[in-house]
> 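Dropping the structure in here first, questions after.
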Amino acid sequence: MLDMFAKGGGDIHSARMVFDKMRDRNLVTWTLMITRFAQLGLLSDAVDLFCSMLLCGHTPDGFTLTSLLSGSVDMGWFSLGKQFHSWVIRSGLASDVCVGCTLVDLYAKCAAVGSVENSRKVFDSMPLHNVMSWTALISGYVQGRKEQEAMKLFCNMLHGRVAPNCFTFSSVLKACATLPDFSFGKELHGQTIKLGLSAINCVGNSLINMYARSGRTDCARKAFDILFEKNLISHSTDIDANAKELDSEESFNHDTEHTAIGASSFTYACLLSGAACLGTIGKGEQIHALVVKSGFGTDLCINNALISMYSKCGNKEAALQVFNDMGHRNVITWTSIISALAKHGFATEALELFHEMLEIGAKPNEVTYIAVLSACSHVGLIDEAWKHFNSMHYDHGISPRMDHYACMVDLLGRSGLLLEAVEFIRSMPFDADALVWRTFLGSCRVHRNTKLGEHAAKMILEREPHDPATYILLSNLYASEGRWDDVAAIRKCMKQKKMMKETGYSWIEVNNQMHKFHVGDTSHPQAKKIYDELDELALKIKNLGYVPNTDFVLHDVEDEQKDHYLFQHSEKIAVAFALISTPKPKPIRVFKNLRVCGDCHTAMKYISIVSGREIVVRDAYRFHHMKDGKCSCNDYW
DNA sequence: GTAGGGTTAG
């Protein structure tokens, strides 16, 4: 009866009333009540009950502790989870398999209390491993961005003859999405099809995510269609049967609410984030239409994903539209829109929204502050940034993390206060990591301070000896000073160490098709026409006063030839291609995987005049809206 | 009566 109340519709209060009236309560009664409270996220009540239970002289068992631990994990109350861990050790429950698994999960999920290593310790101390403990540990490594390690564990798991289930595949596929070698992901996809798991929501979503993020939108779409079809059959027996055959302990939770009408909201969120990554606004809009048609138009997660999709695809207005139409918002919503505005160069608006957010009583989190600080950094609002940096701790109890310090270093460095930035790094309460120094090195490049740049590079290489980005930044710094011997030395060193640098490329969507260009690319069917257009553009903008800035050519060649190299940059090629293949009032949206080059930035401003077109460039750092010879970044970037 | 996954924020 107690469980009926507790489970049926989650009427925990009726359950509590029954519980309070009971004369005889045994261990199961207490545990049942604690479990239900913990599952509903009412953790304080669960803990209260736990205390009362102890006072009544009952000794909790593995079930009780598993429920409390899992509740702590779900709520993110890791310090509480840690206290229960001590309790587990003291009461000799550490050998309980369920408790062990949950502990592995606890430490896998909390970066603050420890790291994956703590999860590993618990894992190693267990005499036997099952799907659960393996999966929990693997997911910890995936979350900690140690994908290689996760894949190794997965192999060990198979060696140990433990069969993976849909949760395992879900985690491992996520790891595959980031691996350079794609064959592993394909292989796993095959496995999930064989096992009949590919159409189960969590696996299907990971597959979609993996394909979408690596640019294989066709495969993503196929995986999506299969998922969609299968889910329409809702609770089809064959899925369950296959799943049960694989692991008889399993029963899969289909979310009934959503399966009846199609894919779950997460599926759409996956697809949207894939579209956002690629910057394909055409696909993004299609998914948006699908979302509305499937009745997910008011889903919070999806709307958040929509904001970020539109923003990342260069359409700030559409992002704002979604934001304004939302009836219900959470921190992620606010953070998304703030960072969207910041990236598009509308820092004042971003900060206004932040104040609005505080006024209505929404609580910012650490990511919100990253968005706020980066908004300040994008326009050089130093005092404002200091104000927020100090207030995040005092007013909201959020202590600045490494990322926040990196934001401040970026802000100081970018605005030319290099010495202040170094001083700030020295004053940090913990040792600056490679990210912080890399940020600083970037500033040294902008302000051409070779001495400080060399120091920064040294610091980075002490921490991450094989970071190609550092070598590239340093070599660019030398190149801009004409120190070609040093450039050559670095290149040689990189070659010896077999370090790969990500090559720069730009892409653009025309008539729902993606076109990708590398430096000096002549592989496009219309290459001849594109280069003719480039020549013409070069003449026109030089007449308007454009002077090529050869600092950005990183080869040791004569000046005249340098001009020539500049006009082969992938972003210029993409713009020229857009000009000859799209009609006039349409804005041109170019995407680049690295930072846009300074000379291209200048040239594009002139091109926006001679062509009368708006050019939007998304690079690895931010957006540039160029119109009538001006850029939304005000040349501060 | 216990446990694991997918998404959105930098």
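Here is the naming used below: chain letters follow the sequence lines, and residue numbers restart at 1 for every chain. Please read all numbers here as calculations on a predicted model, not as lab measurements.
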> What are the residues of residues 304-313 of chain A, sorted by number, that bring a heavy atom to within less than 4.0 Å of DNA chain B?
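Contacts with DNA chain B under 4.0 Å: A:Asn304, A:Ser308, A:Lys312.
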> What nucleotide, of B:dG5, B:dG4, B:dG10, holds the atom closest to the side chain of A:Asp403?
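The closest nucleotide is B:dG10.
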> Touch check for A:Asp96, heavy atoms < 4.0 angstrom, all strands: base, sugar-phosphate only, or nothing?
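Nothing, no nucleic acid heavy atom in range.
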> Send over the distance from A:Leu173 CG to B:dG4 P, rounded to a whole Å.
19 Å
> If I take atom CG in residue A:Asn130 and atom P in nucleotide B:dT2, what distance separates them, rounded to the nearest angstrom?
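In whole Å, B:dT2 P lies 16 Å from A:Asn130 CG.
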> Write down the distance between CH2 (A:Trp30) and P (B:dT2), rounded to a whole number of angstrom.
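Distance, rounded to whole Å: 19 Å.
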> In this structure, how many angstroms lie between the C1' atom of B:dT2 and the CZ atom of A:Phe50, rounded?
14 Å
> Calculate the interatomic distance between A:Leu271 atom CG and B:dG6 atom P; express it in whole Å.
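Atom-to-atom, A:Leu271 to B:dG6, this comes out as 16 Å.
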> Tell me what A:Thr31 touches on the nucleic acid: a base, only sugar-phosphate, or nothing, going by heavy atoms under 4.0 Å.
base
> Where the side chain of A:Ser170 is defined as all heavy atoms beyond and including C-beta, which of B:dG5, B:dA9, B:dA3 is the nearest nucleotide?
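Looking only at side-chain atoms, A:Ser170 lies closest to B:dG5.
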> Choose from B:dG5, B:dA3, B:dT2 the nucleotide whose nearest atom is closest to any side-chain atom of A:Thr102.
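Minimum distance to the A:Thr102 side chain belongs to B:dA3.
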> Please verify the inter-ring angle class for A:His388 with A:Phe354; under 30° counts as parallel, over 60° as perpendicular, anything in between as tilted.
perpendicular
> Any chance you could measure A:Leu306, atom CG, to A:Thr333, atom OG1, to the nearest 0.5 Å?
11.5 Å
> Check whether any side-chain nitrogen or oxygen of A:Ser273 sits under 4.0 Å from OP1 or OP2 of B:dT8, and answer yes or no.
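A:Ser273 to B:dT8 OP1/OP2: side-chain N or O found under 4.0 Å.
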> Which nucleotide in the set B:dT7, B:dG1, B:dA3 lies at the smallest distance from any side-chain heavy atom of A:Phe266?
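Selected nucleotide (nearest to the side chain): B:dT7.
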> Does B:dG5 have OP1 or OP2 under 4.0 Å away from a side-chain N or O of A:Asn165?
no
> Checking only heavy atoms, does the side chain of A:Asp61 share a donor-acceptor pair with the base of B:dG1 at less than 3.5 Å?
yes
> Would you say B:dA3 has OP1 or OP2 under 4.0 Å from some side-chain N or O of A:Gln39?
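Checking A:Gln39 against B:dA3: at least one side-chain N or O falls below 4.0 Å of OP1 or OP2.
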> When we call it a touch if two heavy atoms are under 4.0 Å apart, what does A:Cys98 touch: a base, just sugar-phosphate, or nothing?
base
> Given B:dA9, B:dT8, B:dG10, identify the nucleotide with an atom nearest to the side chain of A:Arg401.
B:dG10
> In terms of side-chain heavy atoms of A:Thr64, which of B:dG6, B:dG4, B:dG1 is nearest?
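Comparing B:dG6, B:dG4, B:dG1 against the side chain of A:Thr64, the answer is B:dG1.
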> With A:Asn365, which residues qualify under side-chain contact (heavy atoms from CB on, under 4.5 Å), at least two apart?
A:Val331, A:Thr335, A:Val367, A:Thr368
> Taking the minimum atom-to-atom distance to the side chain of A:Arg36, which one of B:dG6, B:dG4, B:dT2 wins?
B:dT2
> Counting side-chain heavy atoms from CB outward, which of B:dG4, B:dT2, B:dA9 is closest to A:Thr66?
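Nearest nucleotide to the side chain: B:dT2.
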> Measure from the side-chain heavy atoms of A:Ile370 and tell me the nearest of B:dG1, B:dG10, B:dT7.
B:dG10
> Is the gap between the ring centers of A:Phe78 and A:Tyr107 under 6.0 Å?
no
> Is there a side-chain polar atom (N or O) of A:Thr368 under 4.0 Å from OP1 or OP2 of B:dA9?
no
> Figure out the NE2/C1' separation between A:His288 and B:dT7, and round it to whole Å.
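Computing the A:His288:NE2 to B:dT7:C1' distance gives 16 Å.
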> CD1 of A:Ile332 versus C1' of B:dT7: gap in Å, rounded?
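A:Ile332 atom CD1 is separated from B:dT7 atom C1' by 9 Å.
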> Would you say A:Lys174 places a side-chain N or O within less than 4.0 Å of OP1 or OP2 belonging to B:dG4?
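False: A:Lys174 side-chain N/O out of range (4.0 Å or more) of B:dG4 OP1/OP2.
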> Suppose we screen for side-chain hydrogen bond (donor to acceptor under 3.5 Å, both in side chains). Which residues come up paired with A:Ser91, at least two apart in sequence or across chains?
none
> Using the ring centroid of each side chain, check whether A:Trp134 and A:Phe154 are separated by less than 6.0 Å.
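No - the distance between ring centres of A:Trp134 and A:Phe154 does not fall below the 6.0 Å cut-off.
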> If we ignore angles and hydrogens, is there a donor and acceptor under 3.5 Å between the side chains of A:Thr102 and A:Asp105?
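Checked: A:Thr102/A:Asp105 side chains show no N/O donor-acceptor pair below 3.5 Å.
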> Side chains of A:Asn209 and A:Ser206: is there a donor and an acceptor less than 3.5 Å apart?
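Result is no, nothing qualifies.
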> Considering the options A:His288, A:Gln321, A:Lys316, which one meets the side chain to side chain donor-acceptor pair (under 3.5 Å) requirement together with A:Tyr310?
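It is A:His288, the one option of A:His288, A:Gln321, A:Lys316 that forms the side chain to side chain donor-acceptor pair (under 3.5 Å) with A:Tyr310.
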> Without decimals, in angstroms, what is the distance between A:Leu40 CG and B:dT2 P?
13 Å
> Phosphate oxygens OP1/OP2 of B:dG10: is one of them under 4.0 Å from a side-chain N or O of A:Ser339?
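True: A:Ser339 side-chain N/O within range (under 4.0 Å) of B:dG10 OP1/OP2.
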